[in-house]
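Because only heavy atoms are used, hydrogens play no part in the values below, and waters and symmetry mates are left out as well, while side chains stay in.
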Amino acid sequence: MKPASGYYISKNYNNPFTASSKAKLDAEVILKEYGYLNLGLSPSTINNYLGTFRTFVSNLIGIIRMPVGKIVLFQFPQHNLGWKFKLAKLKRNKTVILIHDINYLRFKRKNDLKYLKHADYLICHNNKMKEWLVKEGINKEGRISCLELFDYIAKPTVSEIPIPEFDKKNIRIAFVGNLAKSAFLNQCHFDFIKLKLFGIKGDNLNFGKGVEYSGCYHPEDLHKHLDSNFGLIWDGDSTENNDGILGEYLRYISPHKLSMYLSAGLPVIVSEESAVADFVKDHKIGITINSLQEIESKLLSLSEEDYHHIKNNVSPIRKKVLEGYFLKKALKEMSTKISED
């Protein structure tokens with residue numbers, strides 16, 4: 001039997017409708033494909049106290065089965081990481097942290113940083129996040145790999161999702177996320193395009209002209225309902241720039257919704273200030289904007305040929321996202337460097 005490439009401990013994910021749960025569940029699928037062995041119970045999505053109990057049991061089994069002198073990967077952040085992390089170190093394992101979020105960047109919770117500082121290896125979002133980590137003295141530059149994008153495991157994985165024709169009289173843009181925290185939506189007003197909102201609807205939203213609520217769907221099915229020409233990535237309190245805590249966070253992360261849009265074959269619209277702007281421009285898979293007010297003029301200036309060129313560029317990235325290419329690439333780079341120790 002081939003030895004495991006590494007180990008991890010699965011858990012229960014309370015809400016599969018959130019990007020956090022979906023990204024971690026997908027990572028477990030990819031880890032298993034790459035040859036990692038789950039030390040605990042299989043993953044589950046029970047949204048009550050039984051789910052909490054299942055995570056406790058999975059952690060307990062994982063501790064009992066903790067290997068010695070191997071590679072153990074932890075998805076971050078997670079509750080009760082401390083004792084599992086310490087035991088992995090005590091048993092002389094190489095500890096790897098796959099970063100999904102850094103709450104210190106959003107909420108200045110310094111407790112997050114201690115795990116990042118003591119891990120043997122980090123897998124972060126992109127070069128902007130890597131530069132921040134190095135600047136903070138969290139890890140040496142040579143011990144950090146970048147995903148570039150999160151992967152997004154979805155079905156169908158072969159056939160393209162139908163995308164409407166690019167009609168300047170009926171341009172549709174999808175926005176997916178936690179709508180209650182997307183304060184900028186109250187300021188949106190469009191004359192020539194339609195912004196379709198997907199996600200859990202908050203009571204604090206008052207939609208302007210050209211903005212409509214289109215429902216909330218399970219992440220495995222969402223891409224079938226987008227029915228749009230572009231997917232929008234924007235956050236913060238304003239339509240003018242990415243201000244506020246969440247807007248500032250976009251300068252360091254590769255948003256999971258970017259991968260979701262790409263998995264559906266959608267070109268994207270991203271902030272020029274975001275960490276993923278360079279990726280979008282380098283691969284010519286969308287447009288960048290400085291404010292939401294620029295969207296209409298930029299889209300109306302696109303020809304049908306321009307749009308199809310952008311859409312065609314999405315296809316190879318879509319294939320990689322659906323196949324788990326980006327995490328597998330980071331794992332391979334990390335494994336090579338650890339083997340050189």
Side-chain angles (χ1 to χ4, degrees), residues 19 125-126 147-152 154 156-177 182 184 188 190 192-199 210-212 214 217 219 222-235 239 242 250 253-323 325-326:
H125 292 204
N126 52 58
L147 287 171
E148 292 187 284
L149 299 180
F150 279 94
D151 299 293
Y152 197 96
T157 58
V158 179
S159 60
E160 291 280 351
I161 306 300
I163 294 177
E165 288 298 314
F166 185 68
D167 179 359
K168 291 188 179 181
K169 295 180 181 179
N170 187 25
I171 300 175
R172 284 167 274 180
I173 301 171
F175 178 80
V176 178
S182 303
F184 69 89
C188 287
F190 299 106
F192 305 108
I193 64 174
K194 182 182 290 184
L195 181 63
K196 297 164 64 70
L197 308 181
F198 297 86
V211 182
E212 67 175 35
S214 299
Y217 301 94
L222 175 59
H223 58 293
K224 303 174 187 176
H225 300 276
L226 296 178
D227 187 31
S228 300
N229 302 108
F230 287 90
L232 173 66
I233 295 170
W234 191 269
D235 218 333
T239 60
N242 294 128
L250 273 182
I253 66 170
S254 296
H256 190 250
K257 72 181 68 178
L258 170 60
S259 303
M260 185 275 301
Y261 293 141
L262 295 174
S263 77
L266 283 186
V268 293
I269 301 170
V270 305
S271 167
E272 183 69 43
E273 299 176 325
S274 67
V276 295
D278 288 342
F279 186 92
V280 170
K281 289 186 286 188
D282 290 346
H283 293 85
K284 298 180 175 58
I285 56 174
I287 64 172
T288 61
I289 55 173
N290 290 297
S291 73
L292 292 181
Q293 281 78 10
E294 292 183 355
I295 290 181
E296 289 192 317
S297 61
K298 285 209 170 189
L299 293 186
L300 291 174
S301 69
L302 280 180
S303 67
E304 189 174 340
E305 184 180 359
D306 292 334
Y307 177 76
H308 283 289
H309 180 67
I310 292 171
K311 183 175 176 293
N312 288 337
N313 290 337
V314 171
S315 292
I317 307 298
R318 175 181 184 268
K319 185 174 185 292
K320 289 181 176 181
V321 164
L322 290 169
E323 293 176 348
Y325 166 85
F326 292 98

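When all heavy atoms of Lys311 and Pro267 are compared, the pair lying nearest together is CA-CG, 4.0 Å. Contact record, Ser271 with Ala277: O-CB, 3.5 Å, taken as the closest heavy-atom pair. Val276 and Ser254 get closest at one heavy-atom pair: CG1-CA, 3.6 Å.
Note on residues 165-174: pairs passing salt bridge (Lys or Arg N to Asp or Glu O under 4.0 Å), not counting sequence neighbours, are Arg172-Asp227.
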Please tabulate, for side-chain N and O atoms in residues 279-289, each donor-acceptor pair with protein atoms closer than 3.5 Å (sequence neighbours left out).
unit_1: Lys281; atom_1: NZ; unit_2: Glu272; atom_2: OE2; d: 2.6
unit_1: His283; atom_1: ND1; unit_2: Phe279; atom_2: O; d: 3.0
unit_1: Thr288; atom_1: OG1; unit_2: Glu272; atom_2: OE1; d: 2.6

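To the nearest 0.5 angstrom, Ile310 atom CD1 is 8.0 Å from Phe166 atom CZ. We find the CZ-CD distance between Arg318 and Glu323 to be 10.0 Å, quoted to the nearest 0.5 Å. If you take CZ on Phe326 and CG on Leu149, they are separated by 4.5 Å, rounding to the nearest 0.5 Å. Summarising the geometry, atom CD1 belonging to Ile317 is positioned 11.5 Å from atom NZ belonging to Lys319; distances are rounded to the nearest 0.5 Å. Atom CH2 of Trp234 is separated from atom CG of Leu292 by 4.5 Å, given to the nearest 0.5 angstrom. To the nearest 0.5 Å, atom CD1 of residue Ile193 and atom CG of residue Leu300 are 8.0 Å apart.
At least one side-chain heavy atom of Leu226 sits under 4.5 Å from a side-chain heavy atom of Val176. Between Asp278 and Asn126, every side-chain heavy-atom pair lies at or beyond the 4.5 Å cut-off. Put simply, the side chain of Val314 does not reach to within 4.5 Å of the side chain of Leu266, judged on heavy atoms. Between Glu294 and Ser291 the shortest side-chain heavy-atom distance falls below 4.5 Å. Residues Tyr152 and His256 are in side-chain contact: their nearest non-hydrogen atoms beyond the backbone lie under 4.5 Å apart. With a 4.5 Å cut-off on side-chain heavy atoms, Phe190 and Val211 count as touching.
Between the Tyr261 side chain and the Ile233 main chain, no donor and acceptor come within less than 3.5 Å of each other. Using modelled atom types, no side-chain atom of Ser214 and backbone atom of Phe198 make a donor-acceptor pair closer than 3.5 Å. Distance alone, capped at 3.5 Å, places no donor-acceptor pair between the Asp235 side chain and the Ser182 backbone.
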Practice task
Using the side-chain contact (heavy atoms from CB on, under 4.5 Å) rule, take Ile295 and Leu232 through it: C-alpha gap first, then chi angles, then the decisive distance, then the call.
Solution key: CA-CA 10 Å; Ile295 290 181; Leu232 173 66; 4.2 Å; yes
Problem - Ile173 vs Leu299, side-chain contact (heavy atoms from CB on, under 4.5 Å): CA-CA, chis, key distance, verdict - result: CA-CA 11 Å; Ile173 301 171; Leu299 293 186; 3.7 Å; yes
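Every residue meeting the ring pair (Phe, Tyr, Trp, His ring centres under 6.0 Å) condition with Phe150, not counting sequence neighbours, appears here in chain and number order: His100, His125.
The environment of CD in Glu212 is crowded: more than 12 heavy-atom neighbours from other residues, nucleotides or ligands sit within 6.0 Å.
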